[in-house]
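What you see is a predicted model; the values in this text were computed from it and never measured. Convention: sequence-line order gives letters A, B, ...; per-chain numbering from 1.
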Amino acid sequence: KQEVTQIPAALSVPEGENLVLNCSFTDSAIYNLQWFRQDPGKGLTSLLLIQSSQREQTSGRLNASLDKSSGRSTLYIAASQPGDSATYLCAAPAGGTSYGKLTFGQGTILTVHP
Amino acid sequence: KAGVTQTPRYLIKTRGQQVTLSCSPISGHRSVSWYQQTPGQGLQFLFEYFSETQRNKGNFPGRFSGRQFSNSRSEMNVSTLELGDSALYLCASSLGPLLQGMNTEAFFGQGTRLTVV
């Protein structure tokens with residue numbers, strides 16, 4: 001059974017800082033991992049889908065890495081801005097033949113203050 | 001290209017009533033999954049449909065049901081509502097089933113906020 005953990009639970013930083021969000025998973029036999037952003041009361045916005053064969057994926061100021069051997073993924077946000085304030089969630093397939101199921105971490109609440 | 005559309009956005013229902021939520025996936029996507037999000041439990045998987053067939057179901061009581069139509073649109077129904085059913089219900093669509101081994105990206109709608117009073 002896949003379990004996903006995110007650290008830290010909350011993070012408050014001044015604008016302009018580079019920061020790292022961590023995600024760990026128990027079932028390392030994953031082919032991909034997805035990072036999402038969620039604004040209060042809203043749905044999830046897909047940020048990056050990183051495949052195990054890629055090890056890294058970049059989109060603008062975001063960079064995600066995946067290390068299956070250690071069961072970890074990191075989301076790196078460069079030059080943070082107040083608009084980056086949101087909850088960040090990582091999700092991995094549940095494993096086995098569990099169709100359609102993503103297992104989510106509890107999320108990291110990010111606050112970037114001016 | 002339109003994203004995932006969920007209707008309605010907000011609902012207020014009374015205990016004991018039933019409710020139907022709708023999800024229209026991205027055009028061409030055939031898989032639809034449903035999740036319940038609450039502050040205490042986070043995101044929990046309800047069920048997944050692909051080609052009108054339910055392929056997976058989460059650990060929820062039988063009051064929660066769903067279906068998918070031939071155009072891939074999906075509905076979920078909750079009968080005999082309880083206060084604890086108050087949550088944000090999210091639908092996700094993908095090209096194919098989110099199955100281990102398939103690099104398929106999931107796209108979520110804005111959700112339906114259900115409040116049971």
Side-chain angles (χ1 to χ4, degrees), chain A residues 1-6 9-10 23 25-55 57 59 64 66 68 73 86-109, chain B residues 3-6 9-10 23 25-26 29-51 53-59 66 68 74 87-113 115:
Chain A
K1 177 188 171 186
Q2 181 72 275
E3 294 181 4
V4 178
T5 305
Q6 290 187 247
C23 172
F25 45 91
T26 55
D27 183 354
S28 61
I30 62 171
Y31 282 72
N32 61 59
L33 185 140
Q34 200 166 349
W35 282 91
F36 295 90
R37 166 189 172 137
Q38 185 175 32
D39 293 291
K42 304 287 188 178
L44 276 62
T45 300
S46 178
L47 296 173
L48 290 165
L49 172 73
I50 179 167
Q51 301 175 16
S52 59
S53 59
Q54 295 177 307
R55 296 185 66 85
Q57 181 73 280
S59 176
L66 176 63
K68 288 174 54 179
S73 176
T87 297
Y88 290 80
L89 295 148
C90 67
T97 57
S98 189
Y99 288 96
K101 180 179 178 180
L102 289 174
T103 300
F104 285 85
Q106 289 296 313
T108 294
I109 302 171
Chain B
V4 180
T5 303
Q6 292 189 244
R9 289 292 313 279
Y10 303 93
C23 173
I26 292 171
H29 285 195
R30 296 171 62 193
S31 174
V32 174
S33 302
W34 288 88
Y35 293 81
Q36 180 195 67
Q37 186 177 33
T38 58
Q41 299 296 319
L43 278 148
Q44 292 188 291
F45 173 77
L46 282 157
F47 26 65
E48 189 263 0
Y49 288 87
F50 181 76
S51 294
T53 301
Q54 185 184 90
R55 296 184 176 234
N56 198 4
K57 190 178 191 319
N59 189 25
Q68 186 181 34
S74 177
L88 181 65
Y89 290 87
L90 293 162
C91 147
S93 83
S94 59
L95 276 172
L98 293 171
L99 178 64
Q100 190 69 280
M102 296 182 69
N103 287 306
T104 307
E105 190 169 2
F107 297 89
F108 281 78
Q110 288 298 298
T112 294
R113 170 72 63 184
T115 302

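- In terms of the side chain to side chain contact (heavy atoms under 4.5 Å, CB included) criterion, residue partners of Arg113(B) (sequence neighbours excluded) are, by chain and number, Tyr10(B), Leu88(B), Thr115(B).
- Taking a 6.0 Å sphere around CZ of Arg9(B), one finds it holds more than 12 heavy atoms contributed by other residues, nucleotides or ligands.
- Considering only residues two or more places apart in sequence or on other chains, Gln57(A) meets the side chain to side chain donor-acceptor pair (under 3.5 Å) condition with Gln54(A).
- Only the side chain of Gln37(B) comes within contact range of chain A, with heavy atoms under 4.5 Å apart.
- Gly43(A) and Leu90(B) get closest at one heavy-atom pair: CA-CD2, 3.8 Å.
- The minimum heavy-atom distance between Glu105(B) and Ser46(A), with the atom names listed, is OE2-OG, 2.6 Å.
- In this structure, Lys101(A) and Glu48(B) have side chains that are not in contact, with every pair of non-hydrogen atoms separated by 4.5 Å or more.
- None of Phe107(B), Phe108(B), Tyr35(B) except one satisfies the side-chain contact (heavy atoms from CB on, under 4.5 Å) rule with Leu44(A); the exception is Phe108(B).
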